[in-house]
Structures are given as structure tokens and as C-alpha cells.
Amino acid sequence: MISALLPTYARADLAFERGDGAWLTSTRGERYLDFGGGIAVASLGYSHPHLVEALTGQAGKLWHTSNLFQIPEGERLARRLCEASFADYVFFTNSGAEALELAIKVARRYQYVTGHAERFQIIGFEGAFHGRTLATLAAAGTPKYLEGFGPKAEGFDQVPYGDLEELKRAIGPQTGAILIEPIQGEGGVRMLPPAFLKALRRLCDEHKLLLVLDEVQTGMGRTGKLFAYQWAGIEPDVMAIAKGIGGGFPLGALLTTEEAGRGMTVGTHGTTYGGNPLAMAVGNAVLDIVLAPGFIEHVAQTGLYARQRLAELKDRHPAVIEEIRGEGLMIGLKTRVPNTEFVAAARAEKLLTIPAGENVVRLLPPLIVTDEEVNEAIDRLSRACADLEQSIPQRGAAE
Ligand SMILES: *Cc1c(COP(=O)(O)O)cnc(C)c1O
């Protein structure tokens with residue numbers, strides 16, 4: 001059948017009808033173990049009773065009012081996010097890219113209102129992903145995503161990820177902020193050298209730059225801390241989150257300190273849908289669970305267990321798996337076979353995974369995943385590796 005959807009995705013021939021916990025049931029009635037989580041979104045798995053109740057309860061009352069009125073659940077969610085983080089203020093969006101767009105605006109506006117309108121330039125990092133809007137594409141600078149879309153938005157530079165010396169050289173009189181993912185997600189679960197974020201914080205303070213973090217993928221407990229910056233013992237000035245905070249409902253947020261957000265006065269930004277009552281009900285329900293005692297410790301422990309089991313798998317299948325990366329339940333397998341083939345082999349074993357840059361396969365299971373489900377995933381990956389090993393000599397012969 002010819003699809004009427006704009007063909008920007010190469011979709012698998014697979015659709016799902018329902019989900020529960022870490023499991024999805026396809027329209028053909030087959031059960032899949034989901035270690036992709038809809039790209040790090042289904043943080044509490046599928047059909048979590050607390051989330052279903054929050055959404056359906058709100059759906060029967062009120063969906064939308066606009067930001068011309070008070071939204072009490074939004075006030076509450078913002079206050080809770082501030083209490084759990086470095087931030088003083090929150091602005092709700094519908095997606096990660098929108099939160100990043102606002103992060104860029106906040107940073108530029110801060111420099112403007114403090115008398116440095118010339119400091120509009122933002123330094124980012126090669127391999128980054130910040131979304132698909134024109135500004136976030138320019139911020140990441142990935143040529144294949146920019147090609148053919150007209151002049152690249154001005155004011156963005158990139159240096160190699162984790163390269164402090166290159167970064168220092170790139171800072172000039174027009175630099176106003178540094179934008180970074182604490183772990184690159186789409187880029188391939190790329191980790192920063194230890195103490196890099198600390199050095200970045202110092203550099204920002206020294207040059208009066210804002211430190212802007214993109215925690216759209218790493219945030220909301222994914223790495224075994226509520227936010228990945230907490231591993232580094234630093235605080236950013238501005239941060240974008242999304243994905244996990246909505247548990248599958250479209251929700252993002254921009255968090256800022258009072259100082260960094262001081263240019264954002266009445267009329268400087270807006271959104272029709274951002275922070276609407278449905279999203280706020282779900283966001284609060286996600287926080288109820290993620291902030292409950294022991295939840296994030298569970299993520300850290302399960303992540304550690306998963307990475308231990310994956311290290312064994314790598315030892316048994318060195319021709320398929322080259323390296324295990326990640327923190328908490330944000331895990332990357334660098335594969336020696338094309339990562340898309342690995343993803344397909346895992347899918348044939350009814351395990352969902354997600355490809356990323358540097359020929360990495362991402363495992364981003366729901367944060368509620370159990371050790372038994374990790375064991376089940378390892379069994380399936382093990383069978384996928386065995387399948388892939390069989391095809392390796394043939395691949396050699398075909399070349
Ligand atoms: C997914 C992602 C985005 C973009 O989020 P959208 O909701 O798709 O706009 C931005 N940054 C990071 C790190 C992401 O993983």
C-alpha cells in the first residue's frame with residue numbers, strides 16, 4: 001500500500017496495538033520486549049496505571065485553556081522541577097527541539113540585556129543532536145541534516161566533542177554560551193572525558209558564558225541520576241528536557257536560573273499548547289514515580305547489571321560487539337556489523353533497539369525494567385549475535 005505520509009522515515013514493517021510495562025504487542029499479536037522505549041520516551045513503560053489515571057482523569061475535566069490563564073498543575077510541576085534541580089524558572093514546550101530553541105533564545109537574550117548583544121554566538125559540539133528545527137540543526141551543524149534547507153542559521157560553531165583545547169580556541173568576543181549533551185544520544189552514546197563538565201563550568205564562569213545543557217535524552221533519571229549533570233557535581237545555567245518527562249505524552253521544558261532567564265520578560269516568548277492541562281497532569285504523574293524513594297537507585301542498579309551482562313555478551317561475541325558504553329539505562333553497543341543489521345537481527349528475536357551514530361545500537365529500556373527482563377533481553381541479543389556471526393563469513397566472501 002502506498003503511504004500518504006511524507007516519506008521522511010524508513011519505517012519497519014511493524015505496527016503496535018498495545019503495550020504494558022516494557023512489552024509491546026504488535027497488530028499481528030506478537031509480543032516484543034522494548035529496549036528502545038520509543039527513543040527514550042516511555043520512561044515508565046506502557047500503560048503505567050498511575051499515568052493512565054492522570055491522563056484519563058484530566059481528559060474528563062479540561063484539555064486546554066491557553067497560557068492566558070493560570071494553570072495550577074503547571075505551577076506545581078514547575079515548582080517541583082525547580083526543587084529537584086538547579087533551576088528557578090521553567091517554561092513548558094511540546095517537544096525537545098522547542099525547548100532547545102528557547103534555550104538558544106534565553107542565552108542570547110541574557111547577553112543582550114546585560115549589555116552584550118554582540119555575544120550571540122553559541123558553541124556546540126560535533127556529533128550533537130538538538131532537534132530538527134532550523135536553529136537546532138544549525139546548533140548541531142550536522143551537514144547531512146542541513147543540506148538543501150537554505151542558509152544555515154547564523155551564530156553557531158562546533159568543536160570536537162570533549163575537546164577542551166579546541167573549545168578554548170573557539171571562544172571569542174562574540175561567544176555567549178556553550179551548548180552540550182552530557183552524553184551524546186543520537187551521536188552514539190558518546191561519553192565525555194571525566195571532569196570535562198567541571199572544566200566547562202569553570203570556562204563559562206571565566207568568560208561570562210552561559211552553560212546550556214541538552215538533557216532531553218539524558219534527563220529524568222535515564223542515567224541513574226535525575227539529571228546527568230549531577231554526576232559531574234556542577235550546575236548549568238539553562239537546560240532543556242523532554243522525552244522521559246512526558247512518559248509518551250508530548251512534553252518538554254526549558255529550565256533556567258533566575259539570572260540566566262532575566263531577559264525573558266512578558267511578551268518575549270510564547271506557545272499555544274505548551275504546558276496545557278493534559279501535559280501537566282502527565283508530567284506531575286511521571287515525577288510522582290521518578291522522585292519516589294528508591295526509583296532512581298533502581299535505574300542505576302539495573303543499568304549496572306545490564307552493562308555487566310552485556311560485557312559478558314561482548315566477550316562471547318567479539319566479532320559482533322566491539323564496545324559497551326553508557327550510564328544507567330542509557331546504553332550503547334558499538335557493533336562490528338552494520339548497526340542497522342544488528343537492530344534488524346534483534347527485532348527478528350522480538351527485541352526492539354535503536355540505531356545511533358558511530359555504528360552504535362542504543363538500549364533505552366523503560367526505567368521500570370526488571371533484572372528478569374534484562375536477562376530476557378540478553379538471551380535475545382545472544383541469539384541475534386549468533387545469527388549475525390553466521391552471516392559474517394558470507395559477508396566476507398561477497399566482498
Ligand atoms: C530527541 C532529542 C532532541 C529533540 O527532541 P524532539 O522532541 O524530537 O524535538 C533534542 N536533543 C536531544 C539530546 C534529543 O535526544
Side-chain angles (χ1 to χ4, degrees), residues 6 8-9 36-43 91-107 122 124-142 145-146 149 153 156 158 161-162 177-192 197 211-223 225 227-229 231 236 238-255 271 273-276 279 282-283 286 325-332 353-358 360-365 367:
L6 194 67
T8 62
Y9 279 99
I39 320 186
V41 166
S43 49
F91 186 102
F92 293 110
T93 67
N94 311 289
S95 68
E98 280 173 273
L100 264 311
E101 282 274 331
L102 178 53
I104 292 162
K105 287 178 75 174
V106 167
I122 294 174
F125 293 85
E126 291 166 8
F129 182 78
H130 302 300
R132 297 288 201 132
T133 63
L134 290 169
T136 55
L137 286 177
T142 310
Y145 291 156
L146 285 160
F149 293 112
F156 299 96
Q158 294 82 33
Y161 192 58
I178 293 171
L179 169 60
I180 191 166
E181 296 158 87
I183 299 174
Q184 282 189 347
E186 306 295 315
V189 191
R190 294 173 76 201
M191 316 276 289
L192 287 167
L197 284 178
L211 178 57
V212 182
L213 294 185
D214 179 348
E215 291 231 27
V216 168
Q217 197 160 147
T218 53
M220 296 316 293
R222 174 60 55 189
T223 69
K225 298 267 188 199
F227 299 111
Y229 72 76
W231 286 110
V238 176
M239 180 170 80
I241 61 173
K243 295 201 166 102
I245 176 75
F249 197 91
L251 172 58
L254 178 283
L255 282 68
T271 168
Y273 290 121
N276 93 5
V282 175
V286 169
R325 310 170 165 182
E327 196 69 77
L329 287 170
M330 181 169 182
I331 302 174
T353 60
I354 314 243
E358 292 197 338
V360 162
V361 174
R362 272 176 295 173
L363 304 182
L364 303 161
L367 306 181

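We count ligands from 1, going down the list as the structure has it; atoms in each ligand are counted the same way.
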For [X], the ligand 1 atoms whose distance to one of its heavy atoms is below 4.0 Å:
X      : answer
Ser95  : 7 (O), 9 (O)
Gly131 : 4 (C), 10 (C)
His130 : 10 (C), 11 (N)

In the protein, what heavy atom is nearest to [atom], and what distance, to one decimal place, separates them?
atom                    : answer
atom 14 (C) of ligand 1 : Lys243 NZ, 2.9 Å
atom 11 (N) of ligand 1 : Asp214 OD2, 2.7 Å
atom 6 (P) of ligand 1  : Gly96 N, 3.5 Å
atom 9 (O) of ligand 1  : Ala97 N, 2.7 Å

Can you tell me if [X] uses its side chain to pair, donor with acceptor, with the backbone of [Y] under 3.5 Å?
X      : Y      : value
Gln158 : Ala139 : yes
Tyr161 : Glu181 : yes
Arg222 : Leu329 : yes
Arg325 : Gly188 : yes

Looking at ligand 1, does any of its N/O atoms fall within less than 3.5 Å of an N/O of Gln217? yes

So, regarding Leu100 and ligand 1 (criterion: nitrogen or oxygen to nitrogen or oxygen, under 3.5 Å), is there a contact or not? no

Once rounded to the nearest 0.5 Å, what's the spacing between atom CD of Gln217 and atom CE of Met330? 4.0 Å

Side-chain contact, heavy-atom cut-off 4.5 Å: Leu102 with Thr271? no

Side-chain heavy atoms of Val189 within contact of Ile183, under 4.5 Å: yes

Which is it for Glu181 and ligand 1 at heavy atoms under 4.0 Å: side chain, backbone, both or neither? side chain

